[in-house]
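As a basis for the values below, the full set of heavy atoms in this structure was taken, side chains included, without hydrogen atoms, waters or symmetry mates. One-based numbering, in listed order, for ligands and for the atoms of each. Predicted model only: the values in this text are computed from it and were never measured.
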Amino acid sequence: MSAGELSEYGRDGIMGWRRPKPTMADKVVLVVGGGGREHALCMELKQSSHVRELHCAPGNAGTSFLATNHPVAATDIDGLIHLASILDADLVVAGPEAPLCAALADCLESIGIPCFGPIAKLANLEGSKLHAKQVMRDANVPTAAFHVLSDGSDIEAALDDFAGNPWVVKRDVLAGGKGVVVTQDRNEARAFIQHSIQSDGQVLLEDFLPGEEASMLVIMDGSGFVCLPASQDHKRAYDGDKGPNTGGMGAYCPAPVVTDTVRQKTIDTIIKPMHNYLLSTGTPYRGVLYVGLMIPKSGEPNVVEFNVRFGDPECQITLPLIKTDVFELLEAASNDRLAELQVEFHDFFAATVVLAAEGYPESPVKGRLIHGVTQEFIQSAETTAWVNHAGTGFDSNGNLISTGGRVLSCSASGPSLEESVRLAYELIESIELDGSHYRKDIAFRAL
Ligand code: AMP
Ligand code: GLY
């Protein structure tokens, strides 16, 4: 099947994923970004009964089957504004954080185009970890204690303060997942502190939080918020949470570590105070707030980080659990109408396993042929499996090739976590990419 031929696109079957095909569809949507998250967004928006035209900038091979790809980088704000204007877009959905930190939403607002994603001032919750810590302190949201260190600070005294546990050092810049060091080695912690002060002027040293991590994606606007089912990502490259940090090697949803009690505590002690705080800044936060949680044995959640976008790959396995038309949800949040919407969820599970290129994360090999990828949903009575494209493109002969470190992920949903994980692995085993690797233990904590 080639680009543009998927007129019957949609998930089918007993699980009821197929939504009515557009009859009165009249909306034009532009998705910004080109990774697995944006492919997942396009998959959902393509099924909306409201979306007439779907565009993506720059997109990937997967989005080219669902949307019109435009060669505009996600960081080219002028290019994106121009594109949104000539398309006469009804909605722009920002995938990554970089355009939001560079004022994409602010610029769109000035020309009257709604944006799913916050204005730059609020996107700074992800842009600056120090700012996020200050906000959490002001909003009385639980998070690790911290020191801000700069030239002349007593580094040894600060290290002493948090001794006994690993040291957590965080650079205060967008560093694409490479800005945090967690180490038991005092020399390594000190060296990273000194290096960060030299390059950024200051650095954060945090108290270590023990526990299990989970991601809660919260759709927010000036009228309210909707918490999506919590998920768990696997950030280390290799099995058993070994190896270097990555963007994420796989995820599953819902994550049982977020019990009903933990979820309610998260809403009461973190989400509500953050929503109130963001309202008090004068301009509503319109988009998704990614709340990175650490849940200790006591079940009292702490915030590890905020992101101002969907997680990748969390997005790929969280959106399919939303029963409500995803366009309606994103459009409502972009126009302060969330409180009017009744959002419903499916009660199944979803899991995704990332296929990474040889050399990822240090120096991924790109440009290799990929075999065995289908664009279709593989369905049985109770399950669905599908491929999310991330770093994919076409060579000059139209063959599918790898263009990034995280190349694609194989996803599946089903009535149990076991079944969705099993199907995701069955699918990934059928795909060939020389030198690629993937984790064999996705969801091991929950299973
Ligand atoms: P961040 O970019 O802030 O999410 O940090 C990257 C990773 O470092 C997190 O996903 C955690 O695994 C770990 N981490 C960050 N802060 C802490 C902390 N205070 N205690 C324990 N682990 C942390
Ligand atoms: N998967 C982690 C993130 O998107 O930040």
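Annotation for ligand 2: atoms under 4.0 Å from non-hydrogen atoms of Asp233 are 1 (N), 2 (C). Contact atoms of ligand 1 toward Lys235: 10 (O) (distance under 4.0 Å to a heavy atom of the residue). If you number the atoms of ligand 2 from 1 as listed, the ones under 4.0 Å from a heavy atom of Gly311 come out as 4 (O). Which parts of ligand 2 touch Glu314 is read off a 4.0 Å heavy-atom cut-off, strictly below it: atoms 1 (N), 2 (C), 4 (O). In the vicinity of Arg309, heavy-atom distances shorter than 4.0 Å reach the ligand 2 atoms 3 (C), 4 (O), 5 (O). The atoms of ligand 1 that sit less than 4.0 Å from any heavy atom of Glu305 are 1 (P), 2 (O), 3 (O), 4 (O). Against a heavy-atom cut-off of under 4.0 Å, Met294 is close to the following atoms of ligand 1: 21 (C), 22 (N). Close contacts between ligand 2 and Asn307 involve ligand atoms 5 (O) [criterion: under 4.0 Å to a heavy atom]. Every atom of ligand 1 is numbered from 1 in the order shown, and the set under 4.0 Å from a heavy atom of Phe208 is 20 (N), 21 (C).
A salt bridge is absent between Lys265 and Asp260: the closest approach of a Lys/Arg side-chain nitrogen to an acidic carboxylate oxygen does not fall below 4.0 angstrom. Taking the charged nitrogens against the carboxylate oxygens, Glu418 and Arg422 have no contact shorter than 4.0 Å, which rules out a salt bridge. Between Arg286 and Asp336 a salt bridge is recorded (basic side-chain N to carboxylate O distance below 4.0 Å). Ion pairing of Arg190 with Glu156 is present here, as a side-chain N (NZ or NE/NH1/NH2) and a carboxylate O approach within less than 4.0 Å. Salt bridge status for Lys235 with Glu305: present, with a side-chain N to carboxylate O gap under 4.0 Å.
Annotation: Gly247 places an N or O atom under 3.5 Å from an N or O atom of ligand 2; distance criterion only. The N/O atoms of Lys170, backbone and side chain alike, include one that comes under 3.5 Å of an N/O atom in ligand 1. Between Asp312 and ligand 2, a contact under 3.5 Å exists for at least one N or O pair. Here's the thing with Ala144: none of its N/O atoms is less than 3.5 angstrom from an N/O atom of ligand 1.
Using 4.0 Å as the threshold, Asp207 has a heavy atom nearer than that to some atom of ligand 1.
When every heavy atom of Thr269 is checked against every heavy atom of Pro142, the shortest pair comes out as O-CD, 3.5 Å. Summarising the geometry of Glu206 relative to Ala144, their closest heavy-atom pair is OE1-CB, 3.6 Å, with the distance given to 0.1 Å. Taking all atoms of both residues into account, the shortest heavy-atom contact from Leu125 to His131 is N-CD2, 3.8 Å.
At a heavy-atom distance under 4.0 Å, only side-chain atoms of Tyr290, from C-beta outward, approach ligand 2. Counting heavy atoms closer than 4.0 Å to ligand 1, residue Val168 contributes side-chain atoms (C-beta onward) but none from N, CA, C or O. Contacts of Leu209 with ligand 1, taken as heavy-atom pairs under 4.0 Å, involve both backbone and side chain.
Closest heavy-atom approach to atom 12 (O) of ligand 1 within the set Glu206, Glu213, Glu126, Lys129: this belongs to Glu213.
For the side chain to side chain donor-acceptor pair (under 3.5 Å) with Lys133, the lone residue among Thr143, Asp172, Asp138 that qualifies is Thr143.
The neighbour count for Asp347 CG, taken as heavy atoms of other residues, nucleotides or ligands under 6.0 Å away, does not exceed 12.
Taking the six-membered ring for Trp and the full ring otherwise, the centers of His147 and Phe162 sit less than 6.0 Å from each other.
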